[in-house]
Amino acid sequence: MTIPAFRDQRELPDDDRYFSGLRDDDASRQGWDGPSLPPWPDQQQPQPQYDQARYDQQQYAQPQYGQPYAAPDSHRRGDIVVSSETDPTGWKAGSGVPIRDERPPGESTSGNRLFTVLLFFSGLATSVALWLFNTQAGAISDTATMMIAAGRVTGLIGGYLLFIQLLMMSRVSWLEEWVGSRDLLRWHRWLGTSLLTFVVAHIVFIVYGYALTAGTGVVEQGWTVITTFPEMISATIATGLLVFIALISIRFIRNILNYELWHLIHLSSYAVLLLGYGHQIAAGADMSGRFASVFWPALGCITIAALFWGRIVEPLWLNARHRFSVAEVVGEGANTFSIYIEGKRLDKLPVQAGQFMRWRFLTANGWWQSHPFSLSAAPNPQWLRLTVTIAGGHTRKLATMRPGTPIWAEGPFGTFTAERRTRRRALLIAGGSGIAPIRALLEDMPPDTIVIYRASRPDELVFRTELEDLAEQRDAWVRYIVGGRNDPGPRRLFTPDGLRGLVPDVNRRDVYLCGPPGLVDAAVDTLKQLDVPDSQLHLDPFEF
Ligand SMILES: Cc1cc2nc3c(=O)[nH]c(=O)nc-3n(C[C@H](O)[C@H](O)[C@H](O)COP(=O)(O)OP(=O)(O)OC[C@H]3O[C@@H](n4cnc5c(N)ncnc54)[C@H](O)[C@@H]3O)c2cc1C
C-alpha cells in the first residue's frame, strides 16, 4: 500500500481510492528504508557535519539576538524565531481589545482524581481500622506493645499499598482515562517510595517490639522471626525484591540501566505480591476477623481482575480486532522517520490525537521490545502514523522495517487530548520528537492556536509543510525556535518576558507541552511565573 501525501484524511470517505496517489510531489518521502540516516556512533563511521553557517546564510536568515524580529511576510504562518517581539495573534497585552473567553466544555479529570483519592484513603482507613477494632482498650501499655502495634499498623498499610501499586500497573483503560497517565505515573512513584518505607518500618517495629518483650537482642530476635514465624522466608525474599526494585528505580541508576532489563526486574513486583500475601494471611493477626476475611481477598480479586483485564484481555481484543501492520516507513528528516500503520476497522479504534500506544513490532530482531510512541497525525479510517526520532538501538532498527511487518499494540493511553481543553484558545509547545503528538493535536485545536516548536538545529525541524498547511487551514500560527540549549536567543524566549512576547495572552490559553522532561520542566516553571493555572497545563513528557 502506498500512502498519499498528507491530507486531512478524516474529511475523506472511507475507501481505497485515497491510496492511489503516490507521493510524486515529494521525493524525500518516497518508500524509505533508512539509508539516508546518519551512521550510528557504534559503527565507527564519520558523522555528517552540520553546517550552521550555510543554514544561517541561505535558508534561514535569522534576526540578531536583541534586535526586534520582523517577519519577511506578515501573512506567513510559520517563522523561525530566535528572539521575538512579534504579536502572532494580532492582540497585544494592554491594547484594551476585549477577548471573548468562551470556555469549551472541557472534560476535566480533577473530579475523577478527587474521587480516586477519596477511594484510596477510604481503603487505607479501612485497613488501619481493622487493627483498631482488633485491639482491646489498654492493650498498649509499654514500649514493647507500642512497637508491636506500630509494626501491625505499618504492615497493614504496606499490604494495602502493594495492592494499589499493582492495580495502578494494570493499564486498565478506565483508570488511565480517569486519572491520566502522567498522574498515574507520579502516584506510582510516590506510592513505591511509601510502600518501601512502610515495609521497612513494619520490620523494624515488629522485631524491636518482640526483642523488648523477649528480652533478647535485635539481631537474635530478627533471626528467630525469620526462621520460626510462618511464611517468613517468602516474606524476606519479597522484602529483598522490593528493596532491589526501589534501588533500580532511583533516577540515576535507572538511567544507566538498559530499559528492557529495568522493566524485567520491575515486573518482579508481581512476585512480591504473591510472596508477601502468604505472609500477610499466615502471620497477620488483623487479617482473620470477619470483615478482614472479606476485605483483603476482595482487594486481591479486584487487583488480579484488573491486571488480567488490562494486561491480557484488552490487548488481545485490540489486536484481534485491528490486526495492525506496517504500511510504509518514510524518512522525515535527519534522524526522524514516520511509520504508517494499516489495520482493520481503524474507524472503530478509540484513539485520539495526542494519545500514545505501546508498539511491539514483530521483527526478528526486536519483537521482544514494546515501546511507547504517540500518533503524529489524527487517526483516520485509512492509516495511523507514528513519527520516531532515533534515540538508541531499537528506534534505529525500526527505520529499516519492511511493509507488512505485523504489530502487537497496547493502548491507547494518555489524556493529552483536545477534549481536556478548558479555554477557548490553545498554545502547543513541542521540543524535538515531542512534535509528533503536537502535530496530531493541531488537527483538533480551535482557531488562533499558536504552536511553538523548539529544535536545536534547523535540519531537526520536521513537518514544516504540514504544520504550515494545517495552520493555514485552521487559522493557527507556528513559531519555530531554533538554537542550542545555551544559545541566548532561544533561552530568552523561554523566560517569562520572552514567552509573553510571543504569546501575550498565554495565561488565558490551555498549554499543551510535549518533549524531553528537561524542556517540559523548564517551560512549566516559566508558565507558572506567567500565572498559567495548573488546570490549563497539559503535559506529556517522554518519560517512563
Ligand atoms: C509516553 C511516551 C510517548 C513517546 N512518544 C514518542 C514519539 O511519538 N516519537 C518518538 O520519537 N519518541 C517517543 N517517545 C520516546 C521513545 O519511546 C523512546 O525514545 C524510545 O523508546 C527509545 O528506544 P531506543 O531503544 O531506541 O533507545 P534507548 O537508547 O534504549 O533509550 C532511550 C531512552 O528512551 C526510553 N526508553 C527506552 N525504551 C523504552 C521503552 N520500551 N518504554 C519507555 N521508554 C523507553 C528510556 O528513557 C531511555 O533512556 C515516547 C516516550 C513516551 C514515554
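Read the numbers this way: they start at 1 and go in the same order the structure lists the ligands and their atoms. What you see is a predicted model, and the numbers here were worked out from it, not measured in a lab.
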Participant: Any N/O of Val388 closer than 3.5 Å to an N/O of ligand 1?
Facilitator: no
Participant: So with a 6.0 Å cut-off around OH of Tyr270, is the heavy-atom count from everything else above 12?
Facilitator: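 Yes, because the 6.0 Å sphere around OH of Tyr270 holds more than 12 heavy atoms from other groups.
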Participant: Who's closest to atom 42 (N) of ligand 1 heavy-atom-wise, of Pro516, Pro372, Gly515?
Facilitator: Pro372
Participant: Can you confirm if the NZ or CZ of Arg454 lies within 45° of the ring axis of Tyr480 and under 6.0 Å from the centre of its six-membered ring?
Facilitator: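 No; the conditions do not both hold, so Arg454 does not lie above the ring face of Tyr480.
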Participant: Would you indicate whether the side-chain heavy atoms of Leu166 and Phe163 approach each other to under 4.5 Å?
Facilitator: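 When only atoms from C-beta onward are counted, Leu166 and Phe163 do not touch, as no gap falls below 4.5 Å.
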Participant: Taking N or O atoms only and a 3.5 Å limit, does Ser370 qualify as a polar contact for ligand 1?
Facilitator: yes
Participant: At a 4.0 Å threshold, what atoms of ligand 1 neighbour a non-hydrogen atom of His394?
Facilitator: 24 (P), 25 (O), 26 (O)
Participant: Measure up the Trp383 and Tyr340 rings against each other and bin them: parallel (under 30°), tilted (30 to 60°), perpendicular (over 60°).
Facilitator: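 Rings of Trp383 and Tyr340: perpendicular, as their planes differ by over 60°.
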Participant: Hey, is ligand 1 close enough to His371 that some N/O pair sits below 3.5 Å?
Facilitator: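 Between His371 and ligand 1 (N or O atoms, distance only) the closest approach is under 3.5 Å.
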Participant: Given salt bridge (Lys or Arg N to Asp or Glu O under 4.0 Å), test Arg385 with Glu466 step by step and report yes or no.
Facilitator: CA-CA 13 Å; Arg385 186 179 69 182; Glu466 280 188 22; 2.9 Å; yes
Participant: Any atoms of ligand 1 less than 4.0 Å from a non-hydrogen atom of Gly393? List them with their elements.
Facilitator: 26 (O)
Participant: With heavy atoms under 4.0 Å as the rule, classify the contact between Arg358 and ligand 1 as side chain, backbone, both or neither.
Facilitator: side chain
Participant: Would you say Trp309 has more than 12 foreign heavy atoms packed within less than 6.0 Å of its CH2?
Facilitator: no
Participant: Start with the C-alpha distance between Tyr512 and Phe416, add both sets of side-chain angles, then the distance that settles ring pair (Phe, Tyr, Trp, His ring centres under 6.0 Å), and finish with yes or no.
Facilitator: CA-CA 8 Å; Tyr512 288 77; Phe416 193 66; 5.4 Å; yes
Participant: Among Cys514, Ala391, Gly434, which one puts a heavy atom closest to atom 32 (C) of ligand 1?
Facilitator: Ala391
Participant: Where's the contact between Ala436 and ligand 1, heavy-atom distance under 4.0 Å: side chain, backbone, both or neither?
Facilitator: side chain
Participant: Does atom CZ of Arg321 have more than 12 heavy-atom neighbours from other groups under 6.0 Å away?
Facilitator: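 Yes, enclosed.
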Participant: List every atom of ligand 1 that sits less than 4.0 Å from any heavy atom of Phe356, numbering the atoms from 1 in the order shown and giving each element.
Facilitator: 1 (C)
Participant: If you measure every N or O of Pro437 against every N or O of ligand 1, does any of those distances drop under 3.5 Å?
Facilitator: no
Participant: Quick one: does ligand 1 sit under 4.0 Å from the side chain of Thr387, the backbone, both or neither, non-hydrogen atoms only?
Facilitator: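 Backbone only.
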Participant: If the plane angle is over 60° it's perpendicular, under 30° parallel, otherwise tilted; pick one for Tyr259 and Trp262.
Facilitator: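 Tilted.
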Participant: Under 4.0 Å from ligand 1, counting heavy atoms only, is it the side chain of Phe373, its backbone, both or neither?
Facilitator: both
Participant: If you take the nearest heavy atom of each of Tyr259, Trp359, Phe416, which one is closest to atom 37 (C) of ligand 1?
Facilitator: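 Ranked by closest heavy atom to atom 37 (C) of ligand 1, first place is Tyr259.
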